[in-house]
There are 2 protein chains.
Amino acid sequence: MPTSEGQELKRAGLKVTLPRMKILEILETAEPSHLTAEDIYRRLLESGEEIGLATVYRVLTQFEAADLVHRHHFEGGQAVFELDRGHHHDHIVCMECGHVEEFYDEMIEARQKAVAAEAGFDISDHSLILYGRCKRSDCPNRRDALAS
Amino acid sequence: MPTSEGQELKRAGLKVTLPRMKILEILETAEPSHLTAEDIYRRLLESGEEIGLATVYRVLTQFEAADLVHRHHFEGGQAVFELDRGHHHDHIVCMECGHVEEFYDEMIEARQKAVAAEAGFDISDHSLILYGRCKRSDCPNRRDALAS
DNA sequence: ATGTATGCAAAACATTTGCACCTGG
DNA sequence: CCAGGTGCAAATGTTTTGCATACAT
């Protein structure tokens, strides 16, 4: 019985290997869903896998090329990776606790297109990130400050 | 007679030194107005100044803290710096030639605020970058591809 | 003078790459 | 079996830092 991970990999034209399976599995079950390469590496080690950080980067780069994941450059140096679940969205990042919230706004998307057309650009991608503070005390995912 | 650069530095609470003056001057007269630290370093060397790259980074970081400049993280690894001329705007970046165009859209700004409020965030900053291709043949500022 | 800024070289990081070995189909 | 994938270590590219010297006030 082929796993769903295995099928996804084949569909993407990638050989089904253990590192790729494991990394995909981590991305699929990750909570929160935005992880750095090191986050993934650490989780692999924790679950006893002998996978190198270089492989994590290589696999993530392949996944990105295959549109399985997106790479975001939030503030703080490290890129974060997120599984493409088919629904485009933008991000709000809490600079106090690192919590990431997703949103999608039809009007913003439309205005972006209009603005690009006006400027004579063919847009292939965009990045919209709001930085701020979530006022909730139950803020999950507390990690080192992302703030500059 | 104090130069305008000198006054700006004093206003920002920074001691008036030659490296700071020169770097501020480069930022003020830069065309295009988005420069990497290396861009600035190269221009300093070209005009015969003996200023280290480390100093360029230190000064830019201080300028950023003093809100004299903004630091943007376009794709391609290097941060780019831009003088704060008092008018907030977002960016369209051509992935073929690196040309950067600025835009401001009231509706997008308004929607961002609304979205943030809905999510319970206090927004302190945001980053909106559109990536694409400018179709013009007279595309200025041709540099190494920024594309991934 | 005196505390801060600077230059240089070395460190710190995130990420990529070379290469010998291992593995999936 | 054999192309491609992986681990490790070393290289890369950007940005930061330690420290002795130089400078602004």
Side-chain angles (χ1 to χ4, degrees), chain A residues 2-3 5-24 34-42 44-45 48-66 68-69 71-81 143-146 148, chain B residues 2-3 5-24 34-42 44-45 48-66 68-69 71-81 143-146 148:
Chain A
T3 64
E5 283 89 6
Q7 296 177 58
E8 282 186 70
L9 289 173
K10 276 186 196 141
R11 211 178 304 137
L14 294 169
K15 202 183 271 190
V16 179
T17 65
L18 190 134
R20 287 177 184 158
M21 297 272 282
K22 287 294 175 189
I23 292 172
L24 190 50
H34 300 81
L35 302 174
T36 66
E38 290 252 17
D39 287 339
I40 294 170
Y41 178 58
R42 201 172 324 109
L44 287 169
L45 294 187
E49 300 298 335
E50 299 263 314
I51 293 175
L53 181 55
T55 298
V56 174
Y57 275 107
R58 270 188 294 234
V59 167
L60 287 171
T61 300
Q62 292 156 353
F63 283 6
E64 188 189 17
L68 285 174
V69 309
R71 185 193 302 245
H72 303 292
H73 298 278
F74 298 163
E75 309 229 335
Q78 275 140 287
V80 300
F81 298 85
R143 66 165 84 165
D144 302 342
L146 293 169
S148 46
Chain B
T3 64
E5 283 89 6
Q7 295 178 58
E8 282 185 70
L9 288 173
K10 275 184 195 143
R11 212 176 305 137
L14 294 169
K15 204 182 270 189
V16 179
T17 66
L18 190 132
R20 287 177 182 158
M21 297 271 281
K22 287 294 175 189
I23 291 171
L24 189 51
H34 299 83
L35 301 174
T36 66
E38 288 253 18
D39 287 338
I40 294 170
Y41 178 57
R42 201 172 324 111
L44 287 168
L45 294 188
E49 300 298 334
E50 300 264 313
I51 293 175
L53 181 56
T55 299
V56 175
Y57 275 106
R58 271 187 293 236
V59 167
L60 287 171
T61 300
Q62 293 157 352
F63 283 5
E64 188 190 18
L68 285 174
V69 309
R71 184 193 303 243
H72 303 292
H73 298 278
F74 298 162
E75 310 230 337
Q78 275 140 287
V80 300
F81 298 84
R143 66 168 84 169
D144 300 345
L146 293 170
S148 47

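Proteins get letters first, then strands, A, B, ... in listed order; numbering begins at 1 in each.
Of all heavy-atom pairs between A:E5 and A:L24, the closest is O-CD2, 3.7 Å. Residues B:T55 and B:P19 approach most closely at CG2-CB, 3.9 Å, considering heavy atoms.
Considering CD of B:Q78 and CD of B:E38, their distance stands at 6.5 Å, rounded to 0.5 Å. One distance of note links OG1 of A:T61 with CZ of A:F63; it measures 10.5 Å at 0.5 Å rounding. The structure places CG of A:L68 at 11.0 Å from CD of A:E64, a figure rounded to the nearest 0.5 Å. Rounded to the nearest 0.5 angstrom, B:I23 CD1 and B:L9 CG are separated by 10.0 Å. Rounded to the nearest 0.5 Å, atoms CZ (A:R58) and CZ (A:R20) are 10.0 Å apart.
Put simply, CG on B:L53 is 16 Å from P on C:dA10, counting in whole angstrom units. Atom CG in A:L45 sits roughly 16 Å away from atom P in D:dT6 (whole-Å rounding). Separating the CD atom of A:E50 from the P atom of D:dC8 is a distance of 7 Å, rounded to the nearest angstrom. When rounded to the nearest whole Å, the span between NE2 of A:H73 and P of D:dT14 equals 14 Å. Separating the NZ atom of A:K22 from the C1' atom of D:dG5 is a distance of 17 Å, rounded to the nearest angstrom. Here D:dG13 presents its P atom at 20 Å from CD of A:Q78, a figure rounded to the nearest Å. The distance between atom CD of A:E75 and atom P of C:dC13, rounded to the nearest whole Å, is 19 Å. A:Y41 has its OH atom 10 Å from the C1' atom of D:dG7, to the nearest Å.
For C:dT16, neither phosphate oxygen OP1 nor OP2 lies less than 4.0 angstrom from any side-chain nitrogen or oxygen of A:Y57.
Nearest-nucleotide positions on DNA chain D for B:F81 and A:V56 put A:V56 closer to the 5' end.
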Nucleotide by nucleotide, 5' to 3', does protein get under 4.0 Å of the base (B), only the sugar-phosphate (S), or neither (-) in nucleotides 18-25 of chain C, counting heavy atoms?
-> B-----SS
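A:A79 comes within 4.0 angstrom of the backbone, heavy atoms only, and of no base.
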